[in-house]
Structures are given as structure tokens and as C-alpha cells.
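Step one of this worksheet: look at the structure below.
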Amino acid sequence: YFVTKALTDLGGDARFILSWDDYDRLRKIPANVAGVSEHEIGLPYTKVPGPEKAEAGVSYGAYFEGLFIEDLAKLGIKPEYIYETHQYESGAYDQQLKKALSHRHEIYDILARFRTEAADEKERENYYPISLYCDTCGHDSTSITDYDETTGTLSYTCKFGHQGQQQIGAGQKVKLHWKIDWPMRWQYEQVAFEPGGKDHSSKNGSFDVASAVVREIFGGQPPLYEPYDFVNIKGQTKKMSSSAGNIITLSELLQIYTPELVFYLYAKYLPKAQFDLGLDEDVLRNYAEFERKVSGIKEKTETDETILQMVKLTGADLQECYPAFGHVVSILSLTGNDQELTAKLLRKEQEYSDEALQHILPRAAYWIENDAQSRLLKVRETPDATAYGQLAPVVKEQVARLRKSLLEQPQLKDQELMQAVYDLTPAVAKAEKRQEQRELFKGIYQLTIGQDGGPRIPLLVEVVGREQMAALLDF
């Protein structure tokens with residue numbers, strides 16, 4: 001997507017395609033998928049009934065393709081989708097199938113060059129670079145017994161006892177093996193650039209084999225290729241895997257991260273660098289980092305061309321003013337994850353648009369509710385004498401003066417109130433004053449929410465209420 005977007009931005013006419021390998025066999029039922037029978041293993045994805053959540057008549061392949069297409073659209077990604085079941089069954093690849101079958105021994109020789117086992121003449125003679133789905137049961141548990149190159153007819157037996165024939169060009173149910181299918185499509189679609197996972201990119205791996213096949217069998221050239229590493233879930237040692245069920249779907253990720261931040265997470269790492277998706281405190285760090293980059297561009301203090309291009313690729317709106325995610329989280333934490341009250345408090349600080357609030361607020365609330373409930377703060381209902389007794393005498397005196405200001409100066413605006421709190425500490429030297437302020441803030445937070453830290457004091461006062469705040473500081 002990034003390469004296509006960059007080429008388009010440069011005035012190029014790039015065709016962006018995404019092929020669904022939905023004519024592949026169902027190999028395994030993922031741990032988190034219900035309603036699919038083990039009997040379906042070996043059928044093409046598009047011939048397997050959908051899982052429990054799917055509507056009647058929707059295949060397994062179509063169901064999951066639909067979810068992903070819907071999620072990609074949320075990111076503004078809309079490639080030209082190619083459905084391999086349609087391509088194979090429509091006859092689009094008939095000529096390529098005939099070529100692969102007529103050169104099956106040469107393909108075997110290419111594969112043999114890239115493996116450690118010695119070539120075997122009997123294996124070579126019986127090698128076919130295809131999977132064939134049985135006409136009777138639909139499974140790929142078949143063995144090809146003969147191929148008549150003149151008529152394009154394949155004879156086969158099925159492990160379930162069926163026998164039959166299929167003819168290329170007459171509705172055959174045949175698919176090329178992966179390492180032959182991939183280069184065939186490079187040539188057919190005239191692919192110029194394609195990235196691939198590191199499992200395909202190792203020496204003598206799928207890409208090396210496919211490159212030889214496209215040159216020697218299909219008369220084409222491999223595309224410019226970019227290997228990439230895996231994306232993991234933080235805290236797990238294995239890559240995300242749909243079959244294992246340990247995945248974060250794009251839909252789930254977008255409940256927490258904005259589309260532009262998802263793009264940023266992928267853009268900031270070099271393709272060959274593995275990275276983790278964290279749903280813990282990393283969420284705050286990722287937002288803060290991205291917000292700093294955007295702020296630097298808005299204020300024209302960021303001049304690094306790489307950063308400028310990266311942020312441009314994310315599609316970030318540099319005209320809209322969004323509340324900082326961390327600040328929204330701090331307010332939600334104090335309001336019991338109350339989005340309506342939080343929106344009211346945010347608008348009091350700044351005139352955010354409804355769109356800006358809806359872009360950040362629900363995501364922050366979702367994160368707190370599902371992954372960070374420990375951040376929710378509970379305001380004390382009555383004064384805590386024990387906490388008060390642990391304060392230094394000077395802090396107690398400052399707390400009393402703050403309480404007096406709250407009661408006697410209700411007209412103080414947020415910034416004025418914050419300055420008044422700063423002025424409670426008498427030190428002049430910066431280091432000494434900061435230390436005194438830390439002790440005072442710690443005391444205020446302990447007396448009101450029972451923690452050593454918390455939101456800015458004016459926000460705390462706003463949420464708790466001046467009278468209740470004064471009551472909690474009354475000793």
C-alpha cells in the first residue's frame with residue numbers, strides 16, 4: 001500500500017492488487033473458529049461452509065475475506081481484489097496449467113536444485129506440480145495416475161475410493177502448487193513489486209525457487225522483492241497465526257489505535273525488523289510519539305524528510321486539532337470512564353470538533369475498559385486521617401492554604417489555580433522548588449485519590465468539585 005501510494009503521489013499509474021488464495025485447501029481449523037467440521041479439511045476455502053457467525057450460504061473463504069475487506073476499507077485501503085477460485089475455475093489459467101504440466105519434469109529439476117535430498121528418477125517421473133480436487137467428494141486427497149498432453153486429460157484416484165478424469169479447459173478442478181502458482185501469477189499479472197514474509201525469503205526458500213520457475217518455465221522475471229519480518233503480540237514468543245488463534249484482528253486494533261497510528265506503527269520500522277503490537281502501556285507511548293511527530297510538522301520544527309514522508313503516508317489530518325490520547329485517558333480514568341463527562345471537560349479546555357473527539361475518545365475508553373482498568377481512579381468519599389498523618393508539617397500547611405483558596409477564590413481559572421498551587425511552595429532555587437512541588441502534589445493525590453500521582457490539579461478539582469475537594473483536605 002505504501003509503495004502504491006508513494007508511486008501515485010509521484011504521478012505514477014500503479015495497479016495495486018491483492019490475491020485471495022481461496023482455492024487453497026483448508027489445512028486446519030483455527031482454535032478460535034467454531035462451526036466448521038474436521039470433514040471439511042482438504043476442501044478449497046470457498047467450498048467449505050462458513051463458521052457459525054457467517055450468514056447462510058456464505059463460504060468459509062468469502063466470510064473471512066469479507067471481514068478483512070471491510071477492515072481494510074476503514075484504513076482507506078482498497079486494492080483490486082483477485083479471487084483465485086474464480087481465476088482457476090473460469091479457465092483464466094488454463095494455458096499456464098498446460099504449460100506447467102507439459103514442463104513438469106523441468107519443474108521437478110528446478111525444485112530438486114533447491115533442496116538437500118538427491119533427486120529420484122521414479123519421483124521425477126510421477127511428479128505433478130498440481131493439486132486436484134476430486135469430482136465426487138471435493139477433497140484434494142488425490143493421486144494423479146496419468147496425463148495425456150495431447151488432450152489435456154488428467155486421470156486420478158482418490159483416497160476415499162473414487163476414480164475419475166478431468167480435462168484442462170473443460171471445468172477441471174486443479175490448482176498449481178504454491179511454488180509454481182506464485183511465479184505463474186507474477187507473469188500473468190505482470191507484477192513489478194511484491195513484499196513477502198521472511199519464511200518465504202530465506203536462501204533456497206519459496207522466492208528463490210519461484211524466481212527460477214518464472215524465468216525457466218513461464219518466460220518472465222521475478223518482481224522487485226522486499227522481505228519483511230513478523231509482527232508479534234507483545235508478551236508472546238510466536239508470530240501472530242490465524243491457525244493458532246493468537247491474533248489481533250485489524251478490527252480489534254482499530255478499536256484502540258486510529259487508522260493513521262496503525263499506518264505509523266508499520267511505517268516506522270524497516271520491513272526486515274520484527275516488531276510487537278502492545279496493548280499495554282505501549283499504547284500511550286505509541287500515541288505520544290506519533291503526536292509529537294505530527295505536532296513538529298504542524299509547528300514546522302520537524303524537518304527530517306524521512307519523518308515528513310512517513311507522516312504523509314499515514315494520512316494524518318494536519319488541519320484538525322485532536323486531544324492528546326494520554327490526556328483523554330487521564331480524564332476518563334478520573335471520571336470512571338464516563339465519555340460524556342470527559343467530552344464536556346475537554347470542550348471546556350478547548351473547542352474540539354465532534355469529529356476530533358469521536359476520533360480519540362471512544363478508543364481511549366475502549367482501551368481502559370478492555371486492557372487498562374487498573375488506570376481507573378477512585379476519589380475518596382471522606383478525609384483520610386492516616387494519609388494526612390504521613391505528610392510532612394510543611395505539606396500539611398500548604399494543603400490547608402490550598403483548601404482556603406478553593407473556598408475563597410472560586411473565580412480562579414484553571415491556569416490561575418495551577419499557578420496558585422505552584423506558588424504554595426516557597427523555595428526559589430529551581431531544583432529545590434521542583435522537589436517541594438512533587439511532595440505537595442503527592443500529598444494532594446494521596447488525600448483525594450489514594451495514589452502518589454494523578455491528573456493536573458485543575459482537572460482533579462473540576463471532576464471532584466471544589467466543595468468535595470475542600471472537604472477531603474479538611475483536617
> Centres of the Phe2 and Tyr266 rings: under 6.0 Å?
Replying inline: no
>> Ring centres under 6.0 Å, that's the criterion: do Trp182 and Tyr188 meet it?
In response: no
Using side chain to side chain contact (heavy atoms under 4.5 Å, CB included) as the criterion, point out the one residue from [options] that pairs with [X].
X      : options                : result
Val379 : Ile449, Val463, Thr335 : Ile449
Ile41  : Arg27, Arg25, Lys28    : Arg25
Tyr45  : Asp21, Thr85, Asp24    : Asp24

With a 4.5 Å heavy-atom cut-off, do [X] and [Y] have their side chains touching?
X      : Y      : value
Pro323 : Glu349 : no
Thr258 : Phe325 : no
Trp178 : Ser206 : yes
Asn337 : Glu369 : yes
His200 : Pro227 : no

Between [Y] and [X], do the side chains contain a donor N or O and an acceptor N or O under 3.5 Å apart?
X      : Y      : result
Asp452 : Tyr445 : no
Thr425 : Gln398 : no
His327 : Glu291 : no
Glu55  : Tyr63  : no
Glu194 : Trp186 : yes
Ser251 : Gln255 : no
Glu65  : Tyr83  : no
Ser201 : Tyr225 : yes
Gln419 : Asp423 : yes
Asp22  : Tyr88  : no

[Y]/[X] salt bridge by N-O under 4.0 Å criterion:
X      : Y      : answer
Arg292 : Glu299 : no
Arg15  : Glu80  : yes
Glu397 : Arg401 : yes
Glu305 : Lys312 : no

Taking atom [atom1] as the centre, does [X] end up with more than 12 heavy-atom neighbours from other residues, nucleotides or ligands that are less than 6.0 angstrom away?
X      : atom1 : answer
Gln411 : CD    : yes
Lys298 : NZ    : yes
His177 : NE2   : yes

>> Measuring from atom CG of Leu402 to atom CG of Leu440, what distance do you get when rounded to the nearest 0.5 angstrom?
In response: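 Going from the CG atom of Leu402 to the CG atom of Leu440 covers 7.0 Å.
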> Taking atom CG of Asp474 and atom CD of Glu467, what is their separation to the nearest 0.5 Å?
Replying inline: 12.5 Å
> What do the steps show when you test Lys272 against Asp229 for side-chain contact (heavy atoms from CB on, under 4.5 Å), and what is the final call?
Replying inline: CA-CA 5 Å; Lys272 292 180 184 178; Asp229 210 312; 5.6 Å; no
> Between Phe193 and Val191, what is the shortest heavy-atom contact and its length?
Replying inline: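 Looking at all heavy atoms of both residues, the closest pair is O-CG1, 3.5 Å.
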>> Within 45 degrees of the ring normal and closer than 6.0 Å to the centroid, is that where the cationic atom of Lys175 sits relative to Tyr133?
In response: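 No - Lys175 does not lie over the ring of Tyr133 by the 6.0 Å and 45° rule.
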> Between Leu447 and Leu472, does a side-chain contact (heavy atoms from CB on, under 4.5 Å) hold up when you go through it step by step?
Replying inline: CA-CA 7 Å; Leu447 294 173; Leu472 292 175; 5.6 Å; no
> Relative to each other, are the rings of Phe68 and Trp20 parallel, tilted or perpendicular (30° and 60° limits)?
Replying inline: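 Ring orientation of Phe68 relative to Trp20: perpendicular.
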